[in-house]
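The block underneath contains the structure these notes are about, expressed in structure tokens.
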Amino acid sequence: MEDKRLLTIQDISCVGQCSLTVALPIVSACGIETAILPSSVLSNHTAQGFSGWTFCDLTQEMPKILQQWKHEHIDFDAFYTGYVSKAQIPYILDIMQQTSRSGALRIVDPVMGDYGQLYKGFDDDFPMEMRRLCDGADVILPNMTEASLLLGIPYVQEGYDEAYVEQVLRQLHALGARNVVLTGVSFDPSKLGVACFDGQKVEYYFSERMDVMMHGTGDVYASAFAGALLRGKSLLQAASIAADFVVESIRQTLPDASAHWYGVKFEKALPYLISRL
Ligand code: PXL
């Protein structure tokens, strides 16, 4: 098997264990060469806990970097996008189109929000632009909040049933994504999981619900998913391995959770992830 090269496009939050600072080590640990395109540089993430942040937008670098890559004939087997801005979406589509190796995979984590809310700094019309990145993706990985934002439907926190989830999966698939992995699905308060839909069958995977809220777990999930998928795992296998890796990362963080409130200690769970590949 030829070694794969993936490009991940998302921000650098210098401190806070999310986005590129988790994607690069996790995808690399999966044995996949990982190139990066930073969408912005922040001092730290924008989620609750920090009192503020610095932000340097890198949109204008994107077309320049693309030109240089084209000059060097640089191309990729896969793309994995995360936290990006509305203005960057046309550039990202262009980069994917112009640097794809044949059959290149597009994995889109439509990072926009959590717990029913858009992240700070995103406008209300961002979800409509994010739909453009989902259209043509091989896999999209929305959480329940992002699913509701993409579809323009109310966020339902709990009390839904399989029929509801399956209707959401069908609507997400209709945005033009080949496969949907919906995260944060729960029918039982003690279990949390994912629902996978390939346009025909719906499959679920549940693990123990860790009764804590920890930042960056969506990025840890998407990174492990991308790494496992590129290592040849099926959609459901990659979705399950990533879910178990998040649980193990949370477990490793729990003894020190109050000092380590800004993210999860995924580093300590990397040997576990590698053992599953
Ligand atoms: O984990 C998603 C994420 C990525 N990047 C930045 C964020 C967040 C979540 O808040 O603030 C900058």
Query raised in the report: Does a donor on one side chain sit under 3.5 Å from an acceptor on the other, for Tyr80 and Ser223?
Result: yes

Query raised in the report: Please, which pairs that meet side chain to side chain donor-acceptor pair (under 3.5 Å) have at least one residue in residues 148-175, sequence neighbours excluded?
Result: Glu166-Tyr204

Query raised in the report: Rounded to the nearest 0.5 Å, how far does CG of Leu229 lie from CD1 of Ile107?
Result: 5.0 Å

Query raised in the report: Rounded to the nearest 0.5 Å, how far apart are CG of Leu277 and CG of Leu273?
Result: 5.0 Å

Query - Arg276/Glu248 ion pair, N-O < 4.0 Å - result: no

Query raised in the report: Are the aromatic rings of Phe50 and His45 close, with centres under 6.0 Å apart?
Result: yes

Query raised in the report: Which distance, rounded to the nearest 0.5 Å, do you find between the CD1 of Ile274 and the OH of Tyr272?
Result: 12.5 Å

Query raised in the report: Which heavy atom in Pro90 sits nearest to a heavy atom in Arg132, and how many Å separate them?
Result: CG-NH1, 4.1 Å

Query raised in the report: Quick one: which of Val246, Ile250, Val220 gives a side chain to side chain contact (heavy atoms under 4.5 Å, CB included) with Met214?
Result: Ile250

Report task. Could you list the residues that satisfy ring-ring contact (aromatic ring centres under 6.0 Å, His included) with Trp69, not counting sequence neighbours? Result -> Phe76

Requested in this report: Evaluate whether atom CG of Asp125 has more than 12 neighbouring non-hydrogen atoms of other residues, nucleotides or ligands under 6.0 angstrom away.
Outcome: yes

May I have the list of side-chain donor-acceptor pairs in residues 37-44 shorter than 3.5 Å, sequence neighbours left out?
residue: Ser39; atom: OG; partner: Gln10; partner atom: O; Å: 3.4
residue: Ser39; atom: OG; partner: Asp11; partner atom: N; Å: 3.0
residue: Ser39; atom: OG; partner: Tyr83; partner atom: O; Å: 3.0
residue: Ser43; atom: OG; partner: Thr54; partner atom: N; Å: 2.9
residue: Asn44; atom: ND2; partner: Gly52; partner atom: O; Å: 3.0

Report summary line: Here the gap from Asp57 atom CG to Met62 atom CE, rounded to the nearest 0.5 Å, amounts to 8.0 Å

Query raised in the report: Which atoms form the tightest heavy-atom contact between Val181 and Pro142, and what is the distance?
Result: O-CD, 3.4 Å

Requested in this report: Look at Asp75 together with Arg101 and state whether they make a salt bridge at an N to O cut-off of under 4.0 Å.
Outcome: yes

Query raised in the report: Looking at Asp123 and Leu118, what are the two nearest heavy atoms and their distance?
Result: O-CD1, 3.5 Å

Query raised in the report: Can you tell me how far CG of Leu236 sits from CG of Asn179, rounded to the nearest 0.5 angstrom?
Result: 11.5 Å

Report summary line: Rounded to the nearest 0.5 angstrom, the CD-CG distance for Gln88 and Leu58 is 7.5 Å

Query raised in the report: Any Lys/Arg nitrogen of Arg178 or Asp198 sitting under 4.0 Å from an Asp/Glu carboxylate oxygen of the other?
Result: no

Query - Minimum heavy-atom distance Val111-Phe122, with the two atoms named - result: O-CE1, 3.8 Å

